[in-house]
Asks: 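The structure under discussion is supplied below as structure tokens; questions concerning it will follow.
Keep in mind that what you see is a predicted model, and the values were worked out from it rather than measured. Reckoned from all heavy atoms, side chains included, excluding hydrogens, waters and symmetry mates. Just so it is clear: chains get the letters A, B, ... in the order the sequence lines come, proteins before strands, and each one is counted from 1.
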2 protein chains.
Amino acid sequence: MTVSLASINQDCVDCPIRHRAVCARCDSEELERLEEIKYYRSFEAGQTVVWSGDKMDFVASVVSGVASLTQTMEDGRRQMVGLLLPSDFVGRPGRDHAHYDVVATTDLVMCCFRKRPFERLVDETPHIAGRLLQMTLDELDAAREWMLVLGRKTAREKIASLLAIIVRRDASLHFGEAKSEVTIDLPLTREAMSDYLGLTLETVSRQMSALKRDGVIVLDGKRKVVVPDVDRLMEEAGDDSDGGVLS
Amino acid sequence: MTVSLASINQDCVDCPIRHRAVCARCDSEELERLEEIKYYRSFEAGQTVVWSGDKMDFVASVVSGVASLTQTMEDGRRQMVGLLLPSDFVGRPGRDHAHYDVVATTDLVMCCFRKRPFERLVDETPHIAGRLLQMTLDELDAAREWMLVLGRKTAREKIASLLAIIVRRDASLHFGEAKSEVTIDLPLTREAMSDYLGLTLETVSRQMSALKRDGVIVLDGKRKVVVPDVDRLMEEAGDDSDGGVLS
DNA sequence: CGTCGATTTGAGTTAGCTCAAAAGAGGTGG
DNA sequence: CCACCTCTTTTGAGCTAACTCAAATCGACG
């Protein structure tokens with residue numbers, strides 16, 4: 001299942017995240033400038049991409065796989081603060097040390113840009129700056145939605161919310177048809193889910209079992225989750241049935 | 001205590017948030033363009049500035065006072081997702097409906113910009129676009145720090161974290177000297193604090209009492225909080241003693 | 001002085017946590 | 001192909017931090 005570097009097409013034009021990533025709005029000339037400062041890196045599931053506090057001399061887009069941003073307290077309590085799916089952006093222009101641990105949750109390929117030249121490009125290329133602003137605003141919305149989940153939802157609702165988010169992200173990818181039954185690939189261990197949801201892994205497991213018992217989800221192996229009725233899932237998540245907000 | 005509109009200087013050059021707000025980097029010509037599309041609005045404590053879902057034809061900076069962004073579930077559970085202090089920005093260019101309730105927590109003055117012209121300015125003025133990106137990234141960091149608070153901290157740590165944040169914001173304003181004793185003005189009711197922290201107001205009250213009993217804070221009336229030892233507060237918050245992160 | 005909202009305090013309940021053990025699910029090597 | 005080992009997940013039993021419901025106190029203002 002590992003994606004080797006050799007199999008990655010180096011050409012932006014054929015890139016799988018071409019029209020969703022930070023480069024989405026670039027014209028071909030701008031893409032050329034990006035090609036000059038970019039390089040790919042791949043990581044195996046479980047590997048740490050960057051440690052919080054480390055010097056970080058690149059920013060990057062997730063090309064394939066899943067990564068997580070997590071914060072850790074001295075006594076070991078951990079909270080995931082970002083779930084990075086393909087096309088998501090990592091790193092902050094204008095800052096040279098990482099604020100969070102970045103960990104590959106699955107095998108991962110990232111398209112990295114050397115930071116200094118990228119910062120220059122941001123300043124000179126409104127297409128990139130604008131897209132970056134838009135993506136940052138989206139992330140801020142996602143973070144705020146997550147604050148509601150963390151602060152006010154029950155364990156069951158938290159699990160349902162996480163599944164709902166993955167369903168929604170998935171749907172916007174293979175986009176279009178709003179099917180009522182959906183099968184998703186769950187790229188997180190119970191522990192990662194607990195880190196995301198501010199729960200213990202035992203509670204996550206218990207609530208997954210409960211949702212299964214109640215027919216909200218069907219587990220197909222460890223990684224596949226079938227959602228027979230997406231609206232039902234949304235109800236369980238405590239969201240409006242209209243499934244989240246329009247931009 | 002109400003700030004009347006008349007007392008607000010309409011001239012950007014003398015604006016109290018001139019070098020921290022979205023207009024921080026603007027030159028005098030750019031300020032002139034902003035002056036053309038700006039107007040002030042003031043609100044009394046408790047008033048709602050915008051309802052979630054409403055059409056919003058402006059964006060704005062908080063000039064004085066405090067406002068909050070909150071999300072509400074159908075059954076009434078509420079989570080504050082943003083605390084807006086002077087110089088903070090409200091509204092999202094490129095979106096015309098509000099995603100959150102915006103409520104004046106204290107008497108409030110906002111510097112509003114008509115949305116369409118402002119969006120045009122963002123596109124045409126790198127000084128504004130860049131500053132907006134920077135501010136959005138800062139807000140994202142704040143939101144992520146808050147996710148750790150909501151997901152993993154105890155009630156006592158949550159309270160201490162909130163006080164620490166206000167202390168830190170205050171310090172960066174009257175900036176410079178890192179005093180060990182600080183007095184802060186607490187602009188939130190117990191209920192607002194509970195909305196922010198994902199607690200009940202009873203728990204907030206109990207933990208405030210506990211922190212007072214233990215000498216971490218001294219209450220001076222209802223609105224003033226004396227922190228005799230800021231480092232002690234930081235410890236109680238569970239943060240590294242080095243008081244948060246460098247840019 | 002009385003009223004109304006905000007805050008504090010009390011008492012009992014419970015959702016989610018902790019600690020502990022059992023059951024799966026892959027891998028690896030004989 | 002099976003036995004073994006390790007890592008993940010599930011399940012159980014008891015505990016506790018925070019919640020709920022209720023009442024008392026405080027403070028500002030007319």
Asks: Does Tyr196(A) have Arg78(A) sitting over its ring (NZ/CZ under 6.0 Å from centre, angle to axis within 45°)?
Replies: no

Asks: Please report the distance, rounded to the nearest Å, between CZ in Arg213(A) and C1' in dT9(D).
Replies: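 It is 16 Å, rounded to the nearest whole Å.
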
Asks: Assess the residue pair Trp51(A) and Thr72(A) against the criterion (side chain to side chain contact (heavy atoms under 4.5 Å, CB included)); give the C-alpha distance rounded to whole Å, side-chain angles, the decisive distance to 0.1 Å, and a yes or no.
Replies: CA-CA 11 Å; Trp51(A) 294 95; Thr72(A) 309; over 6 Å; no

Asks: Is there side-chain contact between Leu188(A) and Leu83(A), with heavy atoms separated by less than 4.5 Å?
Replies: yes

Asks: To the nearest Å, how far apart are Leu199(B) CG and dA15(C) P?
Replies: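 Taking atom P of dA15(C) as the reference, CG of Leu199(B) is at 18 Å.
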
Asks: Would Leu233(A) and Leu163(A) count as a side chain to side chain contact (heavy atoms under 4.5 Å, CB included) if you check the C-alpha gap in whole Å, the side-chain angles of each, and the deciding distance to 0.1 Å?
Replies: CA-CA 8 Å; Leu233(A) 180 69; Leu163(A) 295 175; 4.0 Å; yes

Asks: With sugar-phosphate meaning primed atoms plus P, OP1 and OP2, does Gly221(B) contact a base, only sugar-phosphate, or nothing at under 4.0 Å between heavy atoms?
Replies: nothing

Asks: NA contact type, Gly46(A), heavy-atom cut-off 4.0 Å: base, sugar-phosphate, or nothing?
Replies: nothing

Asks: Roughly how many Å is it from CG in Asp195(B) to P in dC19(D), rounded to a whole number?
Replies: 12 Å

Asks: For a side chain to side chain contact (heavy atoms under 4.5 Å, CB included) check, start with the C-alpha distance between Arg77(B) and Leu148(A), then their side-chain angles and the critical distance, and finish with the verdict.
Replies: CA-CA 9 Å; Arg77(B) 282 177 282 175; Leu148(A) 176 64; 5.8 Å; no

Asks: Do Thr183(B) and Lys224(B) meet the criterion of a side-chain donor-acceptor pair at a distance under 3.5 Å?
Replies: no

Asks: Rounded to the nearest 0.5 Å, how far apart are OG of Ser68(B) and CG of Asp195(B)?
Replies: 8.0 Å

Asks: End-to-end bend of the helix from dC1(C)-dG30(D) to dG30(C)-dC1(D) (five-pair axes, 10° rounding)?
Replies: 30°

Asks: Distances under 3.5 Å only, N/O to N/O: pair up the protein atoms with those of nucleotides 4-10 of chain C.
Replies:
residue : atom : partner   : partner atom : Å
dT7(C)  : OP2  : Arg190(B) : N            : 3.2
dT8(C)  : OP1  : Arg190(B) : NH2          : 3.2
dT8(C)  : OP2  : Arg190(B) : NE           : 2.6
dT8(C)  : OP2  : Ser205(B) : OG           : 2.8
dT8(C)  : O5'  : Ser205(B) : OG           : 3.2
dT9(C)  : OP2  : Ser209(B) : OG           : 2.9
dG10(C) : N7   : Arg206(B) : NH1          : 2.9
dG10(C) : O6   : Arg206(B) : NH2          : 3.1

Asks: Taking only heavy atoms on the protein side, list every residue of residues 144-160 of chain B lying under 4.0 Å from any atom of DNA chain D, sorted numerically.
Replies: Thr154(B), Ala155(B)

Asks: Within this structure, what is the CD-to-P distance between Gln207(A) and dA15(C), rounded to whole angstrom?
Replies: 10 Å

Asks: Charged N to carboxylate O under 4.0 angstrom, Arg144(B) versus Glu139(B)?
Replies: no

Asks: State which residue, out of Val226(A), Val218(A), Val227(A), Asp229(A), fulfils the side-chain contact (heavy atoms from CB on, under 4.5 Å) condition with Glu181(A).
Replies: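 Exactly one pass, corresponding to Val226(A).
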
Asks: When you look at His97(B) and Asp54(B), which way does the side chain to side chain contact (heavy atoms under 4.5 Å, CB included) test go after all the steps?
Replies: CA-CA 5 Å; His97(B) 292 269; Asp54(B) 274 7; 5.9 Å; no

Asks: Salt bridge or not for Asp239(A) and Lys153(A), using N-O below 4.0 Å?
Replies: yes

